[in-house]
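Worksheet for the structure shown next.
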Amino acid sequence: SSAASDVYKRQEDMIISLSRRIHRGECLYFRELLVAIETKSGMVTIFMAVLELLKQQVMEMRYEDDDIIFTATLDGAV
């Protein structure tokens with residue numbers, strides 16, 4: 001498979017993983033997500049997955065204590 005399709009697959013896997021965690025009620029801390037990633041490409045993958053979930057309104061973000069926290073979007077929120 002091509003490098004591009006590998007990147008797309010990793011991004012899709014990350015979207016599914018983050019989405020499951022959000023739906024379980026977890027709060028995701030951006031700093032913690034990035035610390036777990038060891039490569040620049042991994043950081044890009046997680047950043048793109050986060051953007052996609054925000055765009056789909058699966059989760060919302062807020063700033064707190066110099067970090068960004070992602071939580072499930074409340075039902076009925078626009």
Side-chain angles (χ1 to χ4, degrees):
S1 65
S2 71
S5 66
D6 290 347
V7 167
Y8 181 74
K9 175 77 170 98
R10 282 197 304 272
Q11 185 177 330
E12 286 295 304
D13 290 346
M14 183 61 67
I15 289 169
I16 291 167
S17 173
L18 294 178
S19 181
R20 285 180 179 156
R21 292 175 65 184
I22 285 290
H23 285 297
R24 284 198 301 261
E26 287 187 50
C27 291
L28 305 179
Y29 294 81
F30 198 50
R31 211 175 284 249
E32 287 180 13
L33 294 175
L34 291 180
V35 165
I37 302 296
E38 298 176 354
T39 63
K40 286 182 184 177
S41 65
M43 287 184 182
V44 171
T45 299
I46 203 153
F47 186 70
M48 296 300 291
V50 163
L51 287 178
E52 182 59 29
L53 289 170
L54 289 169
K55 186 176 93 174
Q56 292 177 12
Q57 299 183 348
V58 168
M59 63 186 189
E60 54 194 23
M61 60 184 255
R62 70 180 189 276
Y63 298 98
E64 188 175 298
D65 299 327
D66 295 328
D67 204 350
I68 301 171
I69 302 170
F70 303 103
T71 54
T73 302
L74 298 175
D75 289 336
V78 175

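Given the structure is predicted, the values throughout are model-derived calculations rather than measurements.
Of all heavy-atom pairs spanning Met43 and Leu34, the tightest one is CG-CD2, 4.1 Å. Residues Val58 and Ser19 share a closest heavy-atom pair of CG1-OG, 4.1 Å. Across all their heavy atoms, Thr73 and Glu60 have their closest contact at OG1-N, 3.6 Å.
Between atom CE of residue Met59 and atom CD1 of residue Ile69 there is a gap of 12.5 Å, rounded to the nearest 0.5 Å. In this structure, OH in Tyr8 is found 10.5 Å from CG in Asp13, a value given to the nearest 0.5 Å. Here the CD atom belonging to Glu32 is positioned 12.5 Å from the CD1 atom belonging to Ile37, to the nearest 0.5 angstrom. We find the OG-CD1 distance between Ser41 and Ile46 to be 12.0 Å, quoted to the nearest 0.5 Å. Of the inter-residue distances, the one linking Phe47 atom CZ with Phe30 atom CZ reads 6.0 Å to the nearest 0.5 angstrom. Distance NZ/Lys55 to CG/Leu51: 9.5 Å, rounded to 0.5 Å.
Hydrophobic clustering of Ile, Leu, Val, Met, Phe, Trp and Tyr side chains at less than 4.5 Å, counting indirect connections, unites Leu54 with Met14. Val35 and Val50 are not part of a single hydrophobic cluster, where members link through side-chain heavy atoms under 4.5 Å apart.
Within the 4.5 Å cutoff, the side chain of Lys40 has no heavy atoms near those of the Val44 side chain. Leu53 has its side chain out of reach of Phe70: every pair of non-hydrogen atoms, C-beta onward, lies at least 4.5 Å apart.
Summarising the local packing, CE of Met61 is surrounded by more than 12 heavy atoms from other residues, nucleotides or ligands at distances under 6.0 Å. For CZ of Arg20, the number of neighbouring non-hydrogen atoms (other residues, nucleotides, ligands) closer than 6.0 Å is 12 at most.
With hydrogens and angles disregarded, no donor-acceptor distance shorter than 3.5 Å links the side chain of Asp67 to the backbone of Tyr29.
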(message) With side chain to side chain contact (heavy atoms under 4.5 Å, CB included) as the criterion, how do Glu26 and Thr71 come out once you've worked through the C-alpha distance, each side chain's angles and the decisive distance to 0.1 Å?
(response) CA-CA 7 Å; Glu26 287 187 50; Thr71 54; over 6 Å; no

(message) If you apply the rule side chain to side chain contact (heavy atoms under 4.5 Å, CB included), what do you find for Arg21 with Leu33, and how did you get there?
(response) CA-CA 12 Å; Arg21 292 175 65 184; Leu33 294 175; 3.8 Å; yes

(request) Check the pair Arg10, Asp6 against side chain to side chain contact (heavy atoms under 4.5 Å, CB included), reporting the backbone distance first and the verdict last. (result) CA-CA 6 Å; Arg10 282 197 304 272; Asp6 290 347; 3.9 Å; yes

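The existence of a salt bridge linking Glu12 and Lys9 is excluded, since no basic side-chain nitrogen approaches an acidic carboxylate oxygen closer than 4.0 Å.
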